[in-house]
Amino acid sequence: MEAASTSSAFLDDLSQRGLCQNSTDLKALGTLLGDHPQRFYVGFDPTAESLHVGSLLGLVTLKRFLDVGHLPLVLVGGATGMVGDPSGRSDERNLLDEDTLRHNLEGIQAQVESLLGDSVEVVNNWDWMSQVGVLQFLRDVGKHATVNQMVAKDSVRSRMDSEAGISYTEFSYMLLQAYDFWWLYKQRGCRLQLGGSDQWGNITAGIDLIRRREGAQAHGLTWPLLTRADGQKFGKTAQGTIWLSAQRTIPFEFHQYFLRCDDRDVAQMLAQLTSLPMSEIAAVMAEHENSPDLRRAQHKLADEVTAFVHGEAEVRKANDAAAVFFGSGKLTAQLLESTLGIVPEVVVSQADLAEAESAGENALESLLVSSGLCSSLSDARRQLKQSAVQINKVRVAGPVSAEEIKSHMLGRYMLLQRGKKEHRLVAVTA
RNA sequence: GGGUCGGUGCCCGAGCGGACAAAGGGAGCAGGCUGUAAACCUGCCGUCAUAGACUUCGGAGGUUCGAAUCCUUCCCGGCCCA
């Protein structure tokens, strides 16, 4: 297999992309990867029914290993999910109930398979964890770990220093994850675990366990946490998380998130999140720096990442819709129709508008609220006063009557907009 | 179980009987400048409303002309002692 000859180039590439935060002995790891196709694993927490862009780095990295011939296992934590990983958290987690957990597992499993294909094997640690009794666990795993070491891990220490403290349950988490690694080593010959840098402590716990019980050398490699120059959390907006599931975050919004990427972050993101060769990334960045106003790098990033998650067709749709909203072209009924399914659609009846008016409200204000563009009538008035509201890309400053709204309809729809980024397609029925 | 400190708007955090819809900061929203960027400037940032009114400061009661501020009690959290 080609992996043999290219293993060191492969690791070099990873490291050039800024994907090696911590690792066990890189030389030994290179030898291991060069030897045969290796089985390795990455774990994902079943905290929701869909993964979000925070997990994207893991998925993409996994794919890099897959593409050079290694054999990935994706571990979804049916068992560990019941406990909660303290890593990177300042507060105790809420425990999920079993139904939710099962639901989440299924969602994530389907997602991973659809993104990475069936060469990825998804395993659930519930399958082996649930077979282990407390006494057995204490003897087989607990005996090999000293509390002194466990307390020294960053994830634990930072919580012990904080007011929130840490429960025994979460304290035990690393042993569960160590047991996973050991089990996968023993049963599946898995000798490498990948994860985010917050997983480093848990990974080394597993490596220790394997060494102590089996006298064998296992490996770990972590990627850094994605950060943003503006200090915000990667993958979160004020509206919430950017999910990978099209039901939770429509591909258009997903695409927009990356399109709005800060100049300072874009090179890094291209390297870490896309499979473009580094040479091509350098070329794109050169173009970008030449005329940053064209946002070539951001477009490339958004297109590549969206294609990976949602496919090429969605990339085209997202770009088409963006052209409608942000382009300077004239709006037509046809263009509006083409954004259906991308912009939320709001249907109101003439009767509703009339009713609002007879109740003494302004039709547009009440529409802004019912469409979800504004949170209250007060908010709607504020936005209007600040001339934040646009109808068909034309700013409106004052109240608009039901009659006038009707006159704005382009075919079946009218484009109602708050600020630059929030749109609704409004249909008025008889 | 005992003691003690605390629970204030999205978050942090001041207020500690009237001047409180509640300082300040952050986040957010909008506008300006731009490149659907950053930085910066301005405005907004409980609800309903013209003025003005109404509902908020962990929950429930109470004292008072008047409470986020005082009292009682309950709930929740930190720390200390057992």
Side-chain angles (χ1 to χ4, degrees), chain A residues 89-94 158-167 227-242 250-270 284-285 287-303 305-306 315 318-329 339 342-343 356-357 359-362 364-366 368-391 393-399 415-424:
Chain A
R89 303 217 12 141
S90 54
D91 281 315
E92 187 84 8
R93 283 178 196 259
N94 295 319
S158 65
R159 285 278 294 277
M160 300 217 341
D161 293 343
S162 81
E163 286 198 345
I166 182 168
S167 67
T227 55
R228 291 176 32 149
D230 62 8
Q232 275 197 15
K233 240 186 177 161
F234 173 74
K236 304 264 184 188
T237 67
Q239 285 72 45
T241 305
I242 307 291
I250 59 173
F252 173 71
E253 287 304 329
F254 184 90
H255 187 261
Q256 288 280 307
Y257 180 77
F258 289 98
L259 194 57
R260 290 183 184 132
C261 178
D262 194 299
D263 281 4
R264 291 169 291 177
D265 295 326
V266 71
Q268 187 74 10
M269 298 243 175
L270 278 168
V284 170
M285 286 312 296
E287 271 188 60
H288 175 78
E289 273 147 33
N290 235 350
S291 45
D293 53 309
L294 294 178
R295 310 170 67 76
R296 286 213 179 91
Q298 279 89 344
H299 275 100
K300 194 78 187 165
L301 173 68
D303 288 358
V305 176
T306 308
V315 174
N319 280 318
D320 289 348
V324 174
F325 300 146
F326 299 104
S328 52
T339 64
I342 291 168
V343 199
E357 285 197 330
E361 288 172 8
N362 176 264
L364 178 60
E365 288 169 5
S366 105
L368 283 166
V369 176
S370 61
S371 65
L373 283 175
C374 295
S375 58
S376 66
L377 284 177
S378 301
D379 187 33
R381 291 189 190 106
R382 248 176 252 135
Q383 300 296 345
L384 278 168
K385 195 157 54 175
Q386 299 179 134
S387 62
V389 178
Q390 298 178 52
I391 292 178
K393 295 170 78 174
V394 177
R395 288 190 190 281
V396 284
L415 183 67
L416 185 62
Q417 177 175 357
R418 193 208 67 207
K420 287 175 186 138
K421 301 170 184 171
E422 290 286 329
H423 305 86
R424 295 288 185 279

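First the proteins, then the strands, lettered A, B, ... as listed; each starts at 1.
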- Using a strict cut-off of less than 4.0 Å between a Lys/Arg side-chain nitrogen and an Asp/Glu carboxylate oxygen, indicate whether A/Asp379 and A/Arg382 qualify as a salt bridge. yes

- Query: Is it true that A/Lys420 and A/Glu422 make a salt bridge, defined as a side-chain N closer than 4.0 Å to a carboxylate O?
  - Reply: no

- Item | side-chain contact (heavy atoms from CB on, under 4.5 Å) between A/Leu415 and A/Lys393, intermediate numbers included | CA-CA 7 Å; A/Leu415 183 67; A/Lys393 295 170 78 174; 4.2 Å; yes

Between [N] and [M], how far apart are the two [atom1] atoms, rounded to whole Å?
| N | M | atom1 | result |
| --- | --- | --- | --- |
| B/G17 | B/G28 | P | 36 Å |
| B/U8 | B/G15 | C1' | 9 Å |
| B/U64 | B/G58 | C1' | 23 Å |
| B/U34 | B/A21 | C1' | 36 Å |
| B/C40 | B/C45 | P | 22 Å |
| B/U55 | B/G43 | P | 31 Å |
| B/U47 | B/G9 | C1' | 13 Å |
| B/C79 | B/G13 | P | 16 Å |

- For A/Arg228 and A/Tyr257, work out which heavy atoms get closest and say how close. NH1-OH, 2.9 Å

- Can you name the nearest heavy-atom pair linking A/Ala302 to A/Leu259, along with the distance? CB-N, 3.8 Å

- Please round to the nearest 0.5 Å and tell me the distance separating atom OG of A/Ser376 and atom CD of A/Glu365. 10.5 Å

So what's [N] paired with, Watson-Crick or G-U wobble, going by both distances under 3.5 Å?
| N | result |
| --- | --- |
| B/A23 | none |
| B/G28 | B/C44 |
| B/G66 | none |
| B/C33 | none |
| B/C16 | none |
| B/U50 | none |
| B/C79 | B/G3 |

- Message: Can you list everything that forms a ring-ring contact (aromatic ring centres under 6.0 Å, His included) with A/His423? Sequence neighbours excluded, please.
- Response: A/Phe325

- Message: Base contacts versus sugar-phosphate-only contacts with protein, heavy atoms under 4.0 Å: please encode nucleotides 49-54 of chain B as B, S and - from 5' to 3'.
- Response: B-----

- Contact state string [nucleotides 30-43 of chain B, B base, S sugar-phosphate only, - no protein heavy atom under 4.0 Å]: SS--BBBBS----B

- Can you tell me the distance, in whole Å, between the CG atom of A/Leu373 and the P atom of B/C29? 14 Å

- Verify whether one side chain among A/Asp263 and A/Gln298 offers a donor that lies under 3.5 Å from an acceptor in the other. yes

- Looking only at side chains, do A/His255 and A/Asp303 share a donor and an acceptor under 3.5 Å apart? yes

- 4.5 Å side-chain heavy-atom contact, A/Asp320 and A/Ile342: no

